[in-house]
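Reviewing the structure listed below.
Convention: sequence-line order gives letters A, B, ...; per-chain numbering from 1.
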Number of protein chains: 2
Amino acid sequence: MTDQSPAKPPPTDTRLGEIGLSNYAPYLMNRIMGRYNASLRDEMADLGLSTPKMRALAVLSVIDAPLIRELAVYAVVEQSTLSRALDQLAAEGLIRREADATDSRATRVFITEAGRTTFETLWPRMAESYARMFKGIDEAERRAFVGTLQKMLANIRKHEI
Amino acid sequence: MTDQSPAKPPPTDTRLGEIGLSNYAPYLMNRIMGRYNASLRDEMADLGLSTPKMRALAVLSVIDAPLIRELAVYAVVEQSTLSRALDQLAAEGLIRREADATDSRATRVFITEAGRTTFETLWPRMAESYARMFKGIDEAERRAFVGTLQKMLANIRKHEI
DNA sequence: CAGATTTAAATGCATTTGCAAATATCCCGT
DNA sequence: ACGGGATATTTGCAAATGCATTTAAATCTG
């Protein structure tokens, strides 16, 4: 447990006005990701890729043959929405669904060669947005930032993945 | 310009697989905010508050009488969605729309006493989520984290607000 | 091992969303 | 002062979303 940690948690009785929006991390993160996701969405729209489809492809480019339920967590997409996104990706030949070997309720998702190729073409745009985001922020700072994000995710995640 | 900054930007030609999802800041931020927003949304649902309504109230508790267009940026909500959320908040007496004094196209939004009271009751839940998020992260680290977020927002924001 | 419970995924359906168009007003140049 | 374009907000409408349900299969329990 980390309850005895010397790190003082933010006081729960502070008002939002006292913190100020521009010092309130969740606000800033929503602002940043709102813009990031919107700009990515606009760029992907040309390629016929919605946000759920793009995220699924991105995760599949890195994680091999996850269950649909796992993919939903990684891609941060509701499972029912993901199910429909996978229908489209499968119809376009970018992924393939395959029944799990040992649990026939479950389905594993595989990215196809075509899917990988599609992701190769869209990754540079994601990388560009990423680079713009961190412009003027050196590697040490970025590392520290990512380290804090990892702690935060561990704090709030519900699933063990 | 900051182009000559000594900070080396993340290389645009790195693959996502090389970085790894768990070191990729946008992924982590989407995961964290996805969970944070979902849990808040569930809690607010009881109170009859959608995410756009809750965000509008939160911003209005801090920023006085913004234009609707400004409120949309701060609340990270599409303006047409916000317009409808404001209809509901006004019907519930939590906000008031008032024509701008000098520009009769524009509308300023005011939080009412009832709106402030409602926000007072929901803020503790937001503060709790915030505290959980930063559990085990000390103040210095949180400050540094917020500092990086502020730089990132400056990098990617489109509006000057 | 039968029946009850849980889990995985897909689907029906009502709600929400966001784009594009409509409306109203302002601002600029001439 | 007038016409053309810009700006603020609302609204119509089609598409996307997510909750709840369904279907199917696994697991637990007595």
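- Contacts classified as salt bridge (charged side-chain N to carboxylate O under 4.0 Å, His left out) and involving residues 14-30 of chain B (residues at least two apart or in different chains) are given here: Glu120(A)-Arg15(B).
- In terms of position along DNA chain C, the nucleotide closest to Val77(B) lies nearer the 5' end than the nucleotide closest to the other residue of the pair Val77(B) and Thr102(B).
- Rounded to whole angstrom, the span from the CG atom of Asn37(B) across to the P atom of dG18(D) amounts to 12 Å.
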Can you give me every donor-acceptor pair (side chain of residues 64-75 of chain B, partner residue at least two apart or in another chain, under 3.5 Å) with its distance?
| unit_1 | atom_1 | unit_2 | atom_2 | d |
| --- | --- | --- | --- | --- |
| Glu70(B) | OE1 | Leu67(B) | N | 3.0 |

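- In this structure, the CG atom of Asp42(A) is 7 Å from the P atom of dC19(C), given to the nearest Å.
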Distance-only donor-acceptor hits, side chain of residues 40-47 of chain A, under 3.5 Å, sequence neighbours excluded:
| unit_1 | atom_1 | unit_2 | atom_2 | d |
| --- | --- | --- | --- | --- |
| Glu43(A) | OE1 | Arg125(A) | NH1 | 3.3 |

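- The ring pair (Phe, Tyr, Trp, His ring centres under 6.0 Å) search around Tyr24(A) returns Trp123(B), Tyr130(B), not counting sequence neighbours.
- Taking atom CD on Gln88(B) and atom C1' on dT16(C), their separation rounds to 10 Å, with Å as the unit.
- Following rounding to the nearest Å, Asp46(A) (CG) and dC19(C) (C1') show an atom-to-atom distance of 15 Å.
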Side chains of residues 88-98 of chain B: which donor-acceptor pairs under 3.5 Å do they make with residues two or more places apart or in other chains?
| unit_1 | atom_1 | unit_2 | atom_2 | d |
| --- | --- | --- | --- | --- |
| Gln88(B) | OE1 | Lys53(B) | NZ | 3.3 |
| Glu92(B) | OE2 | Lys53(B) | NZ | 2.9 |
| Arg96(B) | NH1 | Glu98(B) | OE1 | 2.4 |
| Arg97(B) | NH2 | Asp87(B) | OD1 | 2.1 |

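- Applying the salt bridge (Lys or Arg N to Asp or Glu O under 4.0 Å) test to Arg143(A) and every residue at least two apart in sequence or in another chain returns Glu139(A).
- Residue Met54(A) contributes atom CE, which lies 15 Å from atom C1' of dA16(D) at whole-angstrom precision.
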Practice task
Using the side chain to side chain contact (heavy atoms under 4.5 Å, CB included) rule, take Arg31(A) and Val76(B) through it: C-alpha gap first, then chi angles, then the decisive distance, then the call.
Solution key: CA-CA 6 Å; Arg31(A) 277 287 299 269; Val76(B) 194; 3.6 Å; yes
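- Neither OP1 nor OP2 of dT17(D) sits under 4.0 Å from any side-chain N or O of Thr81(A).
- In the helix from dC1(C)-dG30(D) to dT30(C)-dA1(D), the rotation axis of the first five pairs and that of the last five pairs differ in direction by 30°, rounded to 10 degrees.
- Atom CG of Leu49(A) is separated from atom C1' of dA16(D) by 16 Å (rounded to the nearest Å).
- Atom-to-atom, CD of Glu98(B) to C1' of dT9(D) comes out at 16 Å; the value is rounded to the nearest Å.
- Ser83(A) contributes no side-chain N or O that, together with a main-chain N or O of Gln79(A), makes up a donor-acceptor pair within less than 3.5 Å.
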Practice task
Determine, for nucleotides 3-10 of chain C in 5'-to-3' order, which nucleotides have protein heavy atoms under 4.0 Å from the base (write B), from only the sugar-phosphate (write S), or from neither (write -).
Solution key: ----BSBB
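- What separates CZ of Arg41(B) from P of dT16(C) is a distance of 12 Å, to the nearest Å.
- Pairs of residues two or more places apart, or lying in two chains, never qualify as salt bridge (charged side-chain N to carboxylate O under 4.0 Å, His left out) while including a residue from residues 71-85 of chain A.
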